[in-house]
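Basis for what follows: all heavy atoms, side chains included, without hydrogens, waters or symmetry-related copies. Note that this is a predicted model, so its numbers are computed, not measured.
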Protein chains: 2
Amino acid sequence: MTKRASTIQDVADKAKVSIKTVSRVINNEPNVAIKTVKKVETAIKQLEYQPNAFAQSLARSKPKIISLIYDTPSPNYISHIMEGVLSFCYKAGYEVIIHPLRFNEIGMLRSAEQFIKKSRLAGLIVTPPHSDNIEFIKLIEKLDLPKVLISSGLDLDQSDCIKTNDEEISIEMTNYLIKSGHRKIAFIKGHPTHLSVNQRFIGFQKAMKDANINIDNSLVENGLNSLLSGEQCAERLLNLSNRPTAIFASNDEMAAGVIKVAYKKGIRIPDDLSVVGFDDSPMTEMITPPLTTVRQPLDAIGEKSAQKLIDKLEDRDISHESIIKSEIIFRESVTRLH
Amino acid sequence: MTKRASTIQDVADKAKVSIKTVSRVINNEPNVAIKTVKKVETAIKQLEYQPNAFAQSLARSKPKIISLIYDTPSPNYISHIMEGVLSFCYKAGYEVIIHPLRFNEIGMLRSAEQFIKKSRLAGLIVTPPHSDNIEFIKLIEKLDLPKVLISSGLDLDQSDCIKTNDEEISIEMTNYLIKSGHRKIAFIKGHPTHLSVNQRFIGFQKAMKDANINIDNSLVENGLNSLLSGEQCAERLLNLSNRPTAIFASNDEMAAGVIKVAYKKGIRIPDDLSVVGFDDSPMTEMITPPLTTVRQPLDAIGEKSAQKLIDKLEDRDISHESIIKSEIIFRESVTRLH
DNA sequence: AATTTATAAGACAGCGTTGTCACTTATAGC
DNA sequence: GCTATAAGTGACAACGCTGTCTTATAAATT
């Protein structure tokens, strides 16, 4: 008894048809007699046959393989995006290669190019911060590869992007703080190269302007998306004589930093200070108090990206909605001011 | 100008040698004149040639492709393991396919079999909880596929496993609590099907026995690895008249649940109650107080797994150390009792 | 110098599919 | 009932590489 996996030839022999006919059945091609289809399907089942994906890729002009390119954002972010991408691709019969690419590494572009060529990819899904990297986008275009960029801050063809409504939801969040009676609202910006994160600040500004509240520049801090940078910003903010009553951090980690510092200083949350974050990372429920934040449907973003890319690859209509809406998750870190 | 990626034939033409010679250069085979190697390498560089991984896989008997099988454990866990696996495989010239597999889904085994056959994998790296699933392991063995199981609680050949010293480090952690003066120590067990997590309880028991401390059964709770289950266990534990002075939770999420409940009840940590967790997930630094916990070097585990698998595939010696040591990360959630 | 051996390079088949084209057999049209 | 068309099937090359075998050349041995 051989352990060799069965091939299309085995199926053909068993069903007493040609290889090509088996191939037709596998790929749902027309013009095969129903009787033949049945015969072949039985043989496939008996042999537990599965087509060899690499041979298929080689024989087809376009291999059914795409790649998800990421750097090292939060594990939570990437693993949920991945989940969505994988689940859609699996259904659509595509293989996915997950590929990490270090943003600042020298030779990053070259290694990316090597990877893409070697794998003969059909298309690419790119997550931030790479989706903001013009050099990288140019490379993809040079290689003439279909792509979908997630949350790119770049001004690109709509058909290449999946966006979130960061600006809009930040307006909503800011309005929520304003409606809760807050006027002295501080904002902690995100990492400067992370363009889409900066949409959040723009939303904040707009909402403040619409409410006719001046933004005090000393209440705007530049964070780096990390816990530590959140702590540092909070340190400055909370030492101010004109201390804010609410802080809007561009992501949850920085918000957690704020809460830590506040705790250390004996500032109670939400009683003395309201804090909101962005991302709804798992720890928002674990800290005290649970953090009010914005949830992006990451799985859905992943799925939509995959769908969009595959639709492109198969020359299908790509009129799908490309903006995926986030929602505010109200928890316990905000108080209403009297 | 065609966008077609260059092939080995193009390189051969340009270097004025045969295809086979180019192949030899690519694969570092012996018996090629230095002059020829140089010619070929120049041609490769000029054409920016990269071998087609799928054609290689097809032509070789063993494709250089492995898969990392996971369920849906914490994003943090899987993304760090993945990091290690990818980085090693990348260096070794292997491609990795990340494959999610839902533990409880009906037809899971069949879909796993399909996937493995279709991709003609060279080998498999399996994370918990699949590494504890006998049916799944049997399937892999039936398919005659080399494998490395991460943190399997099953009694398997040493050469197939990468283990962590959960029991040993739990003994250490327990001893630390004991040395800090704690006697009434509660333990929250992990998910029952997650065998390796249960090693943690065994370590706890041993340490208590060695210290001649009786384990009060009412201080042993059955958790489910989730925040919520941690809260539920804590609720019971902290309502006890004979309340513990320290709680050892089998993972960080449950420890966070304990801290939340304690906070609600006005029990101060660490002053009134010491809490330790396990895993060193990112949020341990974000909660107040920062949690004392056990760090498993996940990236290293991933790397070692990949190394072990690839060594097997290439018939190399696999005498590597297979137990990867964790360490206690001391933070602020434990107090010394006077 | 003649013969063995090592080194270098190529020819050719094969990996497991799909695409193209040609062929045979039904079905339809008049 | 005879041709035009469609439906069903297969032969064969191709995809881009590697393995095996062969041949040509250089080096080593006697």
Whole-Å distance between C:dG16 P and A:Tyr49 OH? 10 Å
Rounded to whole Å, CD1 of B:Ile19 lies from P of D:dT20 at a distance of 18 Å
Under 4.0 Å: is that the gap between some side-chain N or O of B:Ser23 and OP1 or OP2 of D:dT18? yes
Listed nucleotide nearest any side-chain atom of A:Lys20, set C:dG10, C:dG19, D:dT18: C:dG19
Which part of the nucleic acid, if any, lies within reach of B:Ile26 when heavy atoms closer than 4.0 Å are counted: base, sugar-phosphate only, or nothing? nothing
Hey, does the side chain of A:Arg24 come within less than 4.0 Å of D:dA7's phosphate (OP1/OP2), counting only N and O? no
Which label fits A:Phe54 and B:Phe54: parallel for a plane angle under 30°, tilted from 30 to 60°, or perpendicular past 60°? parallel
Looking at every non-hydrogen atom in both residues, tell me the closest pair between B:Ser151 and B:Pro128 and how far apart they are. CB-CG, 4.0 Å
What is the separation between atom NZ on A:Lys38 and atom P on D:dT9, rounded to the nearest whole Å? 13 Å
Looking only at side-chain N and O atoms, does A:Thr7 come under 4.0 Å of OP1 or OP2 in C:dG16? no
On DNA chain C, does the nearest nucleotide to B:Arg120 precede the nearest nucleotide to B:Ala33 from the 5' side, or the other way round? Give the residue. B:Ala33
Rounding to an integer number of Å, can you tell me how far A:Leu58 CG sits from D:dC17 P? 9 Å
Does OP1 or OP2 of C:dC15 have a side-chain N or O of A:Asn52 closer than 4.0 Å? no
Selection from C:dA9, D:dT9, D:dT18 that lies nearest to any side-chain heavy atom of B:Thr21: C:dA9
Could you state the CD-P distance from A:Glu29 to D:dG10, rounded to the nearest angstrom? 14 Å
Determine the interplanar angle of the A:Phe136 and A:His130 rings, folded into 0 to 90°, and report it as parallel if under 30°, tilted if 30 to 60°, perpendicular if over 60°. tilted
For B:Lys308 and B:Asp160, indicate whether the former's side chain and the latter's backbone hold a donor-acceptor pair under 3.5 Å. no
A:Ile65 CD1 to D:dG16 C1', straight-line distance once rounded to whole Å: 14 Å
With a 4.0 Å limit, can you tell me whether A:Ser18 has a side-chain N or O closer than that to the phosphate oxygens OP1/OP2 of D:dT9? no
Report the residue (B:Val32 or B:Ala55) whose heavy-atom-nearest nucleotide on DNA chain C is the more 5′ of the two. B:Val32
Hey, is the side chain of A:Asn31 poking within less than 4.0 Å of OP1 or OP2 on D:dA6, counting only N and O atoms? no
Atom-to-atom span, CD1 of B:Ile34 to P of C:dT7 - whole angstrom: 13 Å
Can you tell me if the side-chain N/O atoms of B:Thr36 get under 4.0 Å from OP1 or OP2 in C:dA8? no
What integer distance in Å separates A:Arg60:CZ from C:dG16:C1'? 12 Å
Keeping the roles fixed (side chain from A:Asp10, backbone from A:Thr7), state whether a donor-acceptor pair exists under 3.5 Å. yes
